[in-house]
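Just so you know, these numbers come straight off a predicted model, no measurement behind them.
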Amino acid sequence: MQNNLPPMPAFVYNPPQSPLQILYQDDDLLALSKPSGLLSVPAKNKDHQDCLQTRAEAEFPEARLIHRLDLDTSGVFLMALNKPAQAHINLQFEKRKTQKYYVAHVWGHVNEDSGQVDLPICVDWDNRPRQMISHEHGRASQTEWQVIEREYLEDGTAFSRMKLKPLTGRSHQLRLHMKEIGHPILGDVFYAPLDLQEKASRLLLHAESLTIQHPGNREMITFTDPAPF
């Protein structure tokens, strides 16, 4: 693995044209499967308006945004279908009452079976949208991780299939934390060296499970979307 990161890649937006994939729907909630390569919300550029939010609103005009996933990340994407439900779930996110985990393929065989990364994160102003570790300026950021399997690619490259549980919700948190412990996520164009970016056709990071308290009946409900890799 190379140590130096390559220059920031030029942003070329070519979103997948797959139909809306609904995981769950009731009077309060709409859970969708977000594909990799599709923005969560519209960008400022007029050519980057196609996103999961606008696609959902085209079919469900009452749909309201709750959270976001990075462009390259796939998985469970939850929206509210009324204002009270949105407020209730937003408060759960704010108070860290939700439970979520991701599946990722990271470079190399991670030695330990589980652990936690506790490294503060802030914007890397000279290389935006990259983030960086900064004990002086960063915000507290914690990620729990667990090795699911240790495997090899067809070319012999070792990788670990990981379960990642973010305890905080910083931008690029999982990607940066994995890079900082020496195991960048395969296909990561921001934090993986070029040789590891080329090991996958996409970022191998997927939001597989999200658990919240239902805003209607107040019971816990879990949405799952099995990783496509």
Side-chain angles (χ1 to χ4, degrees), residues 1-3 5-6 23 31 33-38 40 67-78 93 96 98-121 129-133 138-212 222-229:
M1 182 184 70
Q2 303 170 1
N3 291 321
L5 295 179
L23 302 174
S33 175
K34 177 192 170 299
S36 177
L38 179 65
S40 291
H67 66 131
R68 306 181 186 190
L69 293 175
D70 286 346
L71 167 72
D72 297 322
T73 304
S74 55
V76 177
F77 186 90
L78 185 64
F93 273 94
R96 301 182 187 176
T98 62
Q99 300 176 36
K100 53 185 173 181
Y101 73 80
Y102 295 67
V103 171
H105 286 181
V106 306
W107 175 81
H109 285 168
V110 181
N111 290 328
E112 297 81 9
D113 291 332
S114 62
Q116 180 173 317
V117 183
D118 188 354
L119 292 170
I121 294 174
R130 279 183 175 137
Q131 308 291 302
M132 62 185 289
I133 301 299
R139 301 173 68 189
S141 308
Q142 298 91 27
T143 301
E144 291 181 351
W145 56 265
Q146 178 183 346
V147 176
I148 301 172
E149 292 179 286
R150 297 176 178 89
E151 303 181 48
Y152 293 91
L153 299 177
E154 290 183 359
D155 66 2
T157 300
F159 75 93
S160 299
R161 185 175 178 85
M162 304 283 283
K163 180 179 180 179
L164 306 178
K165 182 179 179 181
L167 305 183
T168 52
R170 311 304 177 210
S171 181
H172 293 184
Q173 176 177 318
L174 301 181
R175 302 160 74 150
L176 185 55
H177 276 176
M178 290 300 99
K179 178 254 184 183
E180 287 297 311
I181 65 171
H183 298 281
I185 299 175
L186 299 182
D188 188 349
V189 298
F190 285 158
Y191 303 104
L194 186 59
D195 57 332
L196 297 186
Q197 294 180 24
E198 296 172 346
K199 297 294 183 182
S201 60
R202 54 156 290 186
L203 175 71
L204 296 186
L205 178 64
H206 180 82
E208 189 166 85
S209 175
L210 172 62
T211 300
I212 65 162
T222 298
F223 311 99
T224 58
D225 184 17
F229 52 81

Any side-chain heavy-atom pair from [X] and [Y] closer than 4.5 angstrom?
X      : Y      : answer
Lys163 : Val103 : no
Asp72  : Asp70  : no
Ile121 : Leu176 : yes

Met178: which of Trp145, Trp107, Tyr191 passes side-chain contact (heavy atoms from CB on, under 4.5 Å): Trp145

Under 3.5 Å donor-acceptor pairs involving side-chain atoms of residues 222-229, not counting sequence neighbours:
{"residue": "Thr222", "atom": "OG1", "partner": "Thr211", "partner atom": "OG1", "Å": "2.7"}
{"residue": "Asp225", "atom": "OD2", "partner": "Ser33", "partner atom": "OG", "Å": "2.6"}

Can you tell me how far the [atom1] atom of [X] sits from the [atom2] atom of [Y], to the nearest 0.5 Å?
X      : Y      : atom1 : atom2 : answer
Leu204 : Ser36  : CG    : OG    : 8.5 Å
Arg175 : Leu205 : CZ    : CG    : 7.0 Å
Thr73  : Ile185 : OG1   : CD1   : 7.5 Å

Polar side-chain atom of [X] near backbone of [Y] as donor-acceptor pair, under 3.5 Å:
X      : Y      : answer
Arg68  : Leu71  : no
Asp188 : Phe190 : yes
Thr98  : Phe93  : no
Arg130 : His172 : no
Gln146 : Glu144 : no
Ser160 : Val147 : no

Residue pair Val106, Leu186: steps toward the side chain to side chain contact (heavy atoms under 4.5 Å, CB included) verdict: CA-CA 5 Å; Val106 306; Leu186 299 182; over 6 Å; no

Candidate pair Ser74 and Lys34, rule side chain to side chain contact (heavy atoms under 4.5 Å, CB included), full reasoning: CA-CA 5 Å; Ser74 55; Lys34 177 192 170 299; 5.6 Å; no

Using only heavy-atom distances, determine whether the side chains of [X] and [Y] contain a donor-acceptor pair under 3.5 Å.
X      : Y      : answer
Arg161 : His105 : yes
Arg139 : Thr168 : no
Tyr102 : His206 : no

Residue list, side-chain hydrogen bond (donor to acceptor under 3.5 Å, both in side chains) with Thr143, at least two apart or on another chain: Gln173, His177

Minimum heavy-atom separation for [X] and [Y], please, with both atom names.
X      : Y      : value
Gly75  : Leu69  : O-CD1, 3.9 Å
Ala192 : Gln197 : O-NE2, 2.8 Å
Val76  : His67  : O-CE1, 3.7 Å

Under the ring-ring contact (aromatic ring centres under 6.0 Å, His included) test, residues paired with Tyr101 that sit two or more places apart: none

From CA spacing to verdict: side chain to side chain contact (heavy atoms under 4.5 Å, CB included), Gln116, Gln142: CA-CA 7 Å; Gln116 180 173 317; Gln142 298 91 27; 3.7 Å; yes

Ring center gap for Phe159 and His183 short of 6.0 angstrom: no

CA sep, side-chain torsions, deciding dist, call: Thr157, Glu151, side chain to side chain contact (heavy atoms under 4.5 Å, CB included): CA-CA 9 Å; Thr157 300; Glu151 303 181 48; over 6 Å; no

